[in-house]
Amino acid sequence: LRAAYDAPAVRTSRWAALAELGVVGLLVPEDRGGLGLGLVDLVLLLEEAGRVALPEPLLETSALTAPLLAELGSTVPGGPSTSAAWLEGIAEGGIAAAVAETSEPSVPVPGAEGADLLVLVAPGDDGGPEIHVVEADRVAVTPVPSLDPTRRLGRPRWSPGTDTRAASGEVAASAIRRTADRAAVASAAQLLGLTDRMITMAADYARERHQFGKPIGSFQAVKHLLAGAQVALEFARPVAYAAAWALDEGEADRSRMASTAKAYASDAAT
């Protein structure tokens, strides 16, 4: 992580290893070089990514862009062959991607800086949303400094055109809602791993740090703080997994469950 702070990069030896293991292409259909699995299968891996503060854009590429491209299918610019090539590139580890909402340009987009492919949401002429799939060399991305240099934030600037439009109207709106739900659950999963690691680090410190001749972990107040954090984590974890299952199964209350998972995981991490 310290090395990644000094030289942040999108694709590294870690990214290549994750692609070879099938992690990057977990949600990519099997006929496009992926494993064709679901969000329930990816949640555990995202949790582990959060535990080690993985610098690579696993959430942005694998949890958001890959399933969205697979869902759009033949409607992406260039047709089925182009869609297949992009999905195969993600599964192989050759493409890092991000999803961006361009109607709010002031909001920095995780994974946009350094991405090879961008899926951009823009307002359409009829007032409804449109989804555009654009190669990165056609988008001007302004890097945005982050408190964590390994989080490659950027603001994309781009003019929509019909040659990049993949969906519009209610089709686009539905796909955007599903992507937002996946983003909430994937973020929750990373927060679970991060929370677990922080509790472990705090407990280790409480054993090592001495005050008044005793480890501070022996003091009741410190025990209660650690126990409270652990309880919050144990309550949040099943909520996140249930939300992932609800999204995979298309349950009617999946959006509410996704929001609940993100709320619980955020509170636990805080």
Side-chain angles (χ1 to χ4, degrees), residues 10 27-29 32 39 57 59-90 95-144 152-187 243 246-248 250-259 262:
V10 176
L27 301 191
V28 173
R32 297 292 181 254
L39 193 57
L59 187 156
E60 295 86 348
T61 301
S62 303
L64 301 187
T65 309
L68 179 54
L69 285 176
E71 186 177 328
L72 294 172
S74 60
T75 66
V76 303
S81 60
T82 302
S83 173
W86 283 334
L87 286 168
E88 289 165 3
I90 288 174
I95 291 178
V99 178
E101 169 63 72
T102 60
S103 62
E104 298 184 33
S106 62
V107 179
V109 178
E113 205 269 307
D116 304 289
L117 187 69
L118 291 164
V119 180
L120 304 174
V121 177
D125 294 335
D126 60 355
E130 291 183 346
I131 297 176
H132 295 256
V133 184
V134 191
E135 292 178 321
D137 59 5
R138 297 183 59 181
V139 183
V141 177
T142 303
V144 178
R152 297 168 68 85
L153 306 179
R155 290 194 180 97
R157 288 185 293 105
W158 155 86
S159 298
T162 56
D163 62 325
T164 59
R165 187 170 57 211
S168 60
E170 184 52 37
V171 172
S174 297
I176 292 164
R177 284 194 295 269
R178 286 189 287 273
T179 301
D181 289 341
R182 282 192 288 265
V185 175
S187 298
L247 289 178
D248 282 346
E251 292 291 301
D253 60 349
R254 58 190 179 275
S255 290
R256 179 184 61 82
M257 293 180 72
S259 295
K262 177 61 166 57

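On a predicted model such as this, the values are computed, not experimentally measured, just so you know.
Side-chain contact check for Glu135 versus Leu117: some heavy-atom pair is nearer than 4.5 Å. Leu118 has its side chain within reach of Val141: a pair of non-hydrogen atoms, C-beta onward, lies under 4.5 Å apart. Using a 4.5 Å cut-off on side-chain heavy atoms (C-beta onward), Leu69 and Ile90 make contact. Residues Ser62 and Leu27 fail the side-chain proximity criterion, which asks for heavy atoms closer than 4.5 Å.
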Please set out all donor-acceptor pairs under 3.5 angstrom arising from side-chain atoms of residues 165-173, sequence neighbours excluded.
from   : atom 1 : to     : atom 2 : distance (Å)
Arg165 : NH1    : Glu130 : OE2    : 3.2
Glu170 : OE2    : Ser174 : OG     : 2.9
Glu170 : OE2    : Arg177 : NH2    : 2.8

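Every residue meeting the side chain to side chain contact (heavy atoms under 4.5 Å, CB included) condition with Arg152, not counting sequence neighbours, appears here in chain and number order: Pro8, Val10, Glu113. Applying the side-chain hydrogen bond (donor to acceptor under 3.5 Å, both in side chains) test to Ser255 and every residue at least two apart in sequence or in another chain returns Asp181. Partners of Glu71 by side chain to side chain contact (heavy atoms under 4.5 Å, CB included), not counting sequence neighbours, listed by chain and number: Ala175, Arg178, Arg182. Arg32 pairs by the side-chain hydrogen bond (donor to acceptor under 3.5 Å, both in side chains) definition with nothing, not counting sequence neighbours. A search for side-chain hydrogen bond (donor to acceptor under 3.5 Å, both in side chains) contacts involving Asp116 returns Arg11, not counting sequence neighbours. Residues satisfying the side chain to side chain contact (heavy atoms under 4.5 Å, CB included) test with Ala246, not counting sequence neighbours, are Glu251, Arg254, Met257. Taking the side-chain hydrogen bond (donor to acceptor under 3.5 Å, both in side chains) definition, one finds that Asp137 meets it with nothing, sequence neighbours left out.
Contact detail for Gly154 and Ala112: the closest heavy-atom pair is O-CB, 4.0 Å. Scanning both residues, Leu153 and Pro110, for their nearest heavy atoms gives CD2-CA, 3.7 Å. Residue Val28 comes nearest to Ala66 through the heavy atom pair CG2-CB, 3.8 Å, listed as atom of the first residue, atom of the second, then distance. In terms of heavy atoms, Ile95 sits closest to Ala85 at CD1-O, 4.5 Å. Of all heavy-atom pairs between Val185 and Leu39, the closest is CG1-CD2, 3.9 Å. Thr61 and Ala97 get closest at one heavy-atom pair: OG1-N, 3.0 Å.
Under a 3.5 Å cut-off, the side chain of Thr102 and the backbone N or O of Val121 do form a donor-acceptor pair.
A distance of 8.0 Å separates NE2 in His132 from CG in Leu120, rounded to the nearest 0.5 Å.
Every pair tested for ring pair (Phe, Tyr, Trp, His ring centres under 6.0 Å) that includes a residue from residues 59-88 fails, sequence neighbours excluded, so the list is empty.
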